[in-house]
Amino acid sequence: MKGKALICALALTVVSPLLRAQGNVSTRSHRLADFTDKVTQVVLSGDALVTDALRQEVVTGWTASAFEFCTMEQFEKRKTQDKYYFLLVLDEQFKGEEEPGVSFLTLLKGGAEAQKGISAMHQVVALPLVAAQGGSGRELIYLGSLVKAVQEYTLDAMESEKVAYGMENWVNHNFKKWGKGKQILIGADDVAASVSEKDLSQLFTPTFQVVDTADADQAYLDAAFSTLVGYVVAPVTPGKGSWCYKMLFETDTHTLFYFAKHKIDAKKGVGFLTEDLRKFSKR
């Protein structure tokens, strides 16, 4: 998709309501009403480690609908069929970027519009997984949580137009309602360079700490009780138009608890910013 921006709307792709001949309005939640009745094609293509991990996470954790695995070649043949949804990892390129910066775990709905290309398909949700140029392996740790979030979001969006138009609000409701009192661990590698040691020392509390990144990941793998762990996704070499994505996952339930993003510039680098950390410190 290099050279052509695929607009990633983490709160769903912006699509004008479709007026049908009968005069009915097709809303976003209405368009998803058949999700649980259709087969989700899981597209296995790209990085072998990510592909293998995605296969395993779907086998063990996909419960929202029937699913099948397919290749990219099969996806290209089937994408115009409205009897399918498609779960796949897509590189996204935003306006101003010279090349795709981030790969997203993306759920698309099949349909005739796909004749115009992937960017024309109805995008249900897209969650940042890893830098498009490759990751450190941490993406394999948190992939299962993203698979879970895609399902839970889509099921709720089927029932609520408010949810269907606001993925970020849907995620952050978890943090606002249930985040108080939970231990939050942010890996040192996930803190933006602009955050000073002085800032950190003033923000630390008994329930919020910046720790070695390996220790934060291990807390997730150990399913530590009542703990949230941070994970950041950004391009390997950010450029004009690049975005940084920041998430918190609950370690024992693998639930996505927090989501925020910012455009990367000279003042706002890659990682959790002071404004994020203040939210974690003052709950």
Just by distance, with hydrogens left out, do Tyr231 and Asp217 show a side-chain donor and acceptor under 3.5 Å apart? no
Output yes when a side-chain donor or acceptor of Lys261 lies under 3.5 Å from a complementary backbone atom of Trp243, and no otherwise. no
Min side-chain heavy-atom separation Val42-Arg55 under 4.5 Å: no
Ring centers of Phe249, Phe259 separated by less than 6.0 Å: no
Short question: side chain of Gln41, backbone of Tyr85 - any donor-acceptor pair under 3.5 Å? no
Do any N or O atoms from the side chain of Ser160 and from the backbone of Asp156 form a donor-acceptor pair under 3.5 angstrom? no
Could you tell me whether the side chain of Thr213 and the main chain of Asp189 form a donor-acceptor pair under 3.5 Å? yes
Could you measure the distance from the NZ atom of Lys176 to the NZ atom of Lys279? Nearest 0.5 Å is fine. 8.0 Å
Exam field: side chain Thr227 to backbone Phe225, donor-acceptor pair closer than 3.5 Å: yes
Answer with yes or no whether the side chains of Lys267 and Ser194 bring together a donor and an acceptor at under 3.5 Å. no
So, for Leu140 and Leu49, which heavy atoms are closest and what is the spacing to 0.1 Å? CD2-O, 3.8 Å
List the steps, then state whether salt bridge (Lys or Arg N to Asp or Glu O under 4.0 Å) holds for Lys240 with Asp265. CA-CA 8 Å; Lys240 183 179 179 181; Asp265 58 28; over 6 Å; no
Transitive ILVMFWY side-chain link Leu54 to Leu256, under 4.5 Å: yes
Between the side chains of Thr40 and Ser65, is a donor N or O closer than 3.5 angstrom to an acceptor N or O? yes
For residues Leu107 and Met167: do they belong to one hydrophobic cluster (side chain heavy atoms under 4.5 Å, members Ile, Leu, Val, Met, Phe, Trp, Tyr)? yes
Where Leu32 and His122 come nearest, the two heavy atoms and their spacing: CD2-NE2, 4.2 Å
Report whether Phe208 and Phe272 are members of the same hydrophobic cluster (ILVMFWY, side-chain heavy atoms less than 4.5 Å apart, transitive linking). yes
Would you say Ile186 and Gln209 make side-chain contact, with heavy atoms under 4.5 Å? no
Is any side-chain N of the basic residue among Asp190 and Lys246 closer than 4.0 Å to the acidic one's carboxylate O? no
State, with a plain yes or no, whether a side-chain heavy atom of Val233 is found less than 4.5 Å away from one of Leu129. no
Between Arg28 and Glu159, does at least one N-O distance fall below 4.0 Å, as a salt bridge requires? no
Might you point out which heavy atoms bring Ala114 and Thr80 nearest each other, and give the distance in Å? CB-CG2, 4.0 Å
Going through the checks in order, is the side-chain contact (heavy atoms from CB on, under 4.5 Å) test met by Val102 and Val130? CA-CA 6 Å; Val102 170; Val130 64; over 6 Å; no
side-chain contact (heavy atoms from CB on, under 4.5 Å), that's the test. Do Leu44 and Cys70 meet it? Break it down for me. CA-CA 6 Å; Leu44 301 178; Cys70 70; over 6 Å; no
Run the ring-centre check on Tyr142 versus His254 and record whether the distance is less than 6.0 Å. no
Going through the checks in order, is the side-chain contact (heavy atoms from CB on, under 4.5 Å) test met by Val43 and Thr71? CA-CA 5 Å; Val43 184; Thr71 64; over 6 Å; no
Salt bridge check, Asp199 against Arg278: does any charged N sit closer than 4.0 Å to a carboxylate O? no
Counting N and O atoms only, with roles assigned by atom type, does the side chain of Asp47 sit under 3.5 Å from a partner on the main chain of Val50, one being a donor and the other an acceptor? yes
Are the side chains of Thr106 and Leu87 in touch, meaning some heavy atoms are under 4.5 Å apart? no
Under 4.5 Å between side-chain heavy atoms, counting indirect links through other Ile/Leu/Val/Met/Phe/Trp/Tyr residues: same cluster for Val195 and Val229 or not? no
Phe204 reachable from Leu185 in the ILVMFWY side-chain graph, under 4.5 Å edges: no
Closest heavy-atom pair and its distance - Val163, Trp170: CG1-CD1, 3.7 Å
For Ala132 and Ser103, the nearest pair of non-hydrogen atoms, with its separation, is CA-OG, 3.5 Å
Who else is in Leu273's hydrophobic cluster (ILVMFWY, side-chain heavy atoms under 4.5 Å, direct or via others)? none
Evaluate Phe175 against Phe257 for ring-ring contact (aromatic ring centres under 6.0 Å, His included), listing each step before the verdict. CA-CA 5 Å; Phe175 184 75; Phe257 249 72; 7.3 Å; no
More than 12 heavy atoms of other groups within 6.0 Å of Lys268 NZ: no
With sequence neighbours left out, the residues meeting ring-ring contact (aromatic ring centres under 6.0 Å, His included) with Phe75 are Phe86
Pair Thr207, Gln183: side-chain N/O donor-acceptor within cut-off below 3.5 Å: no
Under the 3.5 angstrom rule, does the side chain of Glu139 hit a backbone N or O of Gly137 as a donor-acceptor pair? yes
When rounded to the nearest 0.5 Å, the distance separating CG of Leu248 from CG of Asn172 is 9.0 Å
Grab the two heavy atoms, one from Ala149 and one from Leu127, that are nearest each other, plus how far apart they are. CB-CD1, 3.7 Å
Quick one, Met247 with Leu146, criterion side-chain contact (heavy atoms from CB on, under 4.5 Å). Give me CA distance, side-chain angles, the key distance, then yes/no. CA-CA 10 Å; Met247 294 168 281; Leu146 295 176; 4.1 Å; yes
Within-4.5 Å side-chain heavy-atom neighbours: Thr36 and Leu155: yes
Taking only Lys NZ, Arg NE, NH1 and NH2, and the carboxylate oxygens of Asp or Glu, determine whether Lys148 and Glu152 approach each other closer than 4.0 Å. yes
Gln93 side chain to Glu97 backbone, donor-acceptor under 3.5 Å: yes
Residue pair Trp178 / Thr255, side-chain heavy-atom distance below 4.5 Å: no
Just by distance, do the side chain of Glu161 and the backbone of Ser29 share a donor-acceptor pair under 3.5 Å? yes
Backbone N/O of Pro100 and side chain of Gln133: donor-acceptor pair under 3.5 Å: yes
Side-chain donor-acceptor pair under 3.5 Å between Ser145 and Tyr220, yes or no? yes
